[in-house]
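Proteins get letters first, then strands, A, B, ... in listed order; numbering begins at 1 in each. No experiment lies behind these values; they were computed from the predicted model shown.
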Protein chains: 2
Amino acid sequence: MSDISSHGGSGGGPSGRIGIGLDLDATHLKILEVLRDNGRISVSSLAERVGISRANAYTRFEALRADGVIKRFTAEIDHVRTGLGITALIFVTVRQQMWRQFRAELARMPEVEYCAITTGQHDAMIQVRMADVAEVHAMVTDRLANIPAVKATETVFILDEVLKRPYVLPSDRDKTRPARRPVQEEQRGDVPLGKMRFVGAAEGRAALRKDD
Amino acid sequence: MSDISSHGGSGGGPSGRIGIGLDLDATHLKILEVLRDNGRISVSSLAERVGISRANAYTRFEALRADGVIKRFTAEIDHVRTGLGITALIFVTVRQQMWRQFRAELARMPEVEYCAITTGQHDAMIQVRMADVAEVHAMVTDRLANIPAVKATETVFILDEVLKRPYVLPSDRDKTRPARRPVQEEQRGDVPLGKMRFVGAAEGRAALRKDD
DNA sequence: GTTGAAATTAGTACGAA
DNA sequence: TTCGTACTAATTTCAAC
């Protein structure tokens, strides 16, 4: 059960994989679209829905799997039903040169569902699922605070998860947006830029993306 | 393709579902554990791995599905391979009384993978997948800024996704932690509490969790 | 890249423990 | 409830086109 992503970052940094084994065409994307909503569909039904032959579907399906485009299949579950109804985001400031230790400690925390290294005020964001707020508090004060690599934390609770897509595909963008495009074009320029803010990375963090 | 979660929040608020249709035993959790890593496993193999009969596995599997504990099955994909290698978090401050509009606009944005309402300095956090940073910038300035409900935004880029579990289960906690428990007990009290911070919700936001 | 037919496997229904 | 078995339907594999 190795949970640490073996792949490179999603930020276009030092990734690792250079040669692309497979370039995805519209059919590949269609397959991924179907698989997003029904990961247990049979390859036969998949072929039908996508509009290709079974053999072709099998070939493409296997290629997507073998090439790592599809990392794995999983079930989406209702956390409330399993008793982990509290979700929190913990923003962590990591002490320089201690990323390796931070990562190692993360691997020991099964209640962490997601951890990303970010630009901005903090260095990392972790998402945890707990039974109650007391457990979140205990996790932050007892476990995180005891990691020397952790300089500071900031915790925020999730009140509601409004939207959660399994994943986004490039083909998604051509669906809802065209209707709004003209509006965008017209309003371009009138945008009150002052109300938004981009937060860059702290000193030297980008260089520390991989372990230390 | 309705992406907005029909379920209640994950924060224990006004959920909707009251009567629990199914209380999960250790076997149920074991099933979910297997399904987390292999959502396409056959029910026969599942039965084998969990150590129950095939018939029983079918019954429990169906019960978990019908009861909504398993929301759906999906494929996990590599965003870099699909050309959406840039991930950003956008923290949004929403104008009071305009949550309904904000939610409606969100539904029109297919590149948004996740949106949660949070406590703390901001009101919501959305995660987007884009082809490049320019697209993120365009999304924030052209699309988000044009929503009257959006008072302000703060954008942060994800440099690396260190850990991404499909989901956390209550049974996970009894795996890695026991080894560290004694350490926790010893260090309890020596925790430098000053280095962490809990951020509460802004005025009246909890009451506005559902639309408006 | 497609179709069709054999082999295998999945899903269902039943009685017994 | 759970298990084991037998039955039916579907899927996967492999062949030739």
Side-chain angles (χ1 to χ4, degrees), chain A residues 19-78 80-83 166 169-171, chain B residues 1 17-78 81-83 166-167 169-171 174:
Chain A
I20 298 144
L22 196 87
D23 42 7
L24 310 170
D25 58 21
T27 308
H28 284 121
L29 291 179
K30 236 179 193 170
I31 290 173
L32 293 176
E33 250 175 84
V34 174
L35 254 26
R36 166 169 56 183
D37 291 314
N38 186 2
R40 271 185 87 85
I41 195 171
S42 70
V43 183
S44 315
S45 313
L46 176 67
E48 240 187 314
R49 283 219 205 170
V50 175
I52 54 175
S53 70
R54 278 163 292 154
N56 191 358
Y58 273 103
T59 308
R60 284 167 177 274
F61 182 83
E62 241 332 287
L64 286 169
R65 254 179 164 290
D67 245 63
V69 178
I70 297 174
K71 290 200 256 187
R72 68 166 146 189
F73 290 92
T74 190
E76 225 175 275
I77 64 137
D78 188 334
V80 179
R81 303 300 305 283
T82 58
L169 290 173
S171 49
Chain B
M1 221 181 274
R17 193 190 292 270
I18 297 161
I20 299 143
L22 195 85
D23 42 8
L24 310 170
D25 57 21
T27 308
H28 285 122
L29 291 180
K30 235 180 195 169
I31 291 173
L32 293 177
E33 249 174 84
V34 174
L35 254 27
R36 167 169 55 183
D37 290 315
N38 186 1
R40 269 184 88 84
I41 194 172
S42 69
V43 183
S44 314
S45 312
L46 176 66
E48 237 186 315
R49 284 219 206 170
V50 175
I52 54 175
S53 73
R54 218 155 67 89
N56 192 0
Y58 272 105
T59 308
R60 285 167 175 273
F61 182 82
E62 243 320 287
L64 286 169
R65 254 179 165 290
D67 246 62
V69 178
I70 297 175
K71 290 200 256 189
R72 67 167 147 188
F73 289 92
T74 191
E76 226 176 273
I77 64 138
D78 187 335
R81 304 300 304 283
T82 58
Y167 52 84
L169 291 173
S171 49
D174 316 316

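Using a 4.0 Å heavy-atom criterion, one finds that A:Arg40 contacts no nucleic acid atom at all. The residue A:Ser45 sits close only to the backbone: its heavy atoms come under 4.0 Å of sugar-phosphate atoms, none of a base. B:Ser44 comes within 4.0 angstrom of the backbone, heavy atoms only, and of no base.
The residue from A:Leu46, A:Val43, A:Ile70, A:Leu24 that alone fulfils the side chain to side chain contact (heavy atoms under 4.5 Å, CB included) condition with A:Ile31 is A:Leu46.
Straight-line distance from the CD atom of A:Glu62 to the P atom of C:dG1: 16 Å, rounded to whole Å. In this structure, B:Leu46 places its CG atom 14 Å from C1' of C:dG11, rounding to the nearest Å. Note: CD1 (A:Ile41) to C1' (D:dT12) measures 15 Å, nearest angstrom. Regarding B:Arg60, its CZ atom lies at a distance of 18 Å from the P atom of C:dT12, rounded to whole Å. The CG atom of A:Asn56 sits 16 Å away from the P atom of C:dG4 (whole-angstrom rounding).
Considering only side-chain N and O atoms, B:Arg54 lies nowhere under 4.0 angstrom from the phosphate OP1 or OP2 of D:dT5. Taking 4.0 angstrom as the limit, A:Ser53 places none of its side-chain polar atoms (N or O) nearer than this to OP1 or OP2 of C:dG1. The phosphate of C:dT12 has neither OP1 nor OP2 within less than 4.0 Å of any side-chain N or O from B:Tyr58.
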| message | Using the rule given for salt bridge (Lys or Arg N to Asp or Glu O under 4.0 Å), can you reason through B:Asp25 versus B:Arg60, listing the C-alpha separation, both sets of side-chain angles and the distance that settles it, and then say yes or no? | response | CA-CA 11 Å; B:Asp25 57 21; B:Arg60 285 167 175 273; 3.1 Å; yes

| request: Using the salt bridge (Lys or Arg N to Asp or Glu O under 4.0 Å) rule, take B:Arg72 and A:Asp78 through it: C-alpha gap first, then chi angles, then the decisive distance, then the call. | output: CA-CA 10 Å; B:Arg72 67 167 147 188; A:Asp78 188 334; over 6 Å; no

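Taking the ring centre of A:Phe73 as origin, the terminal cationic atom of A:Arg40 falls outside the region bounded by 6.0 Å and 45° from the ring axis.
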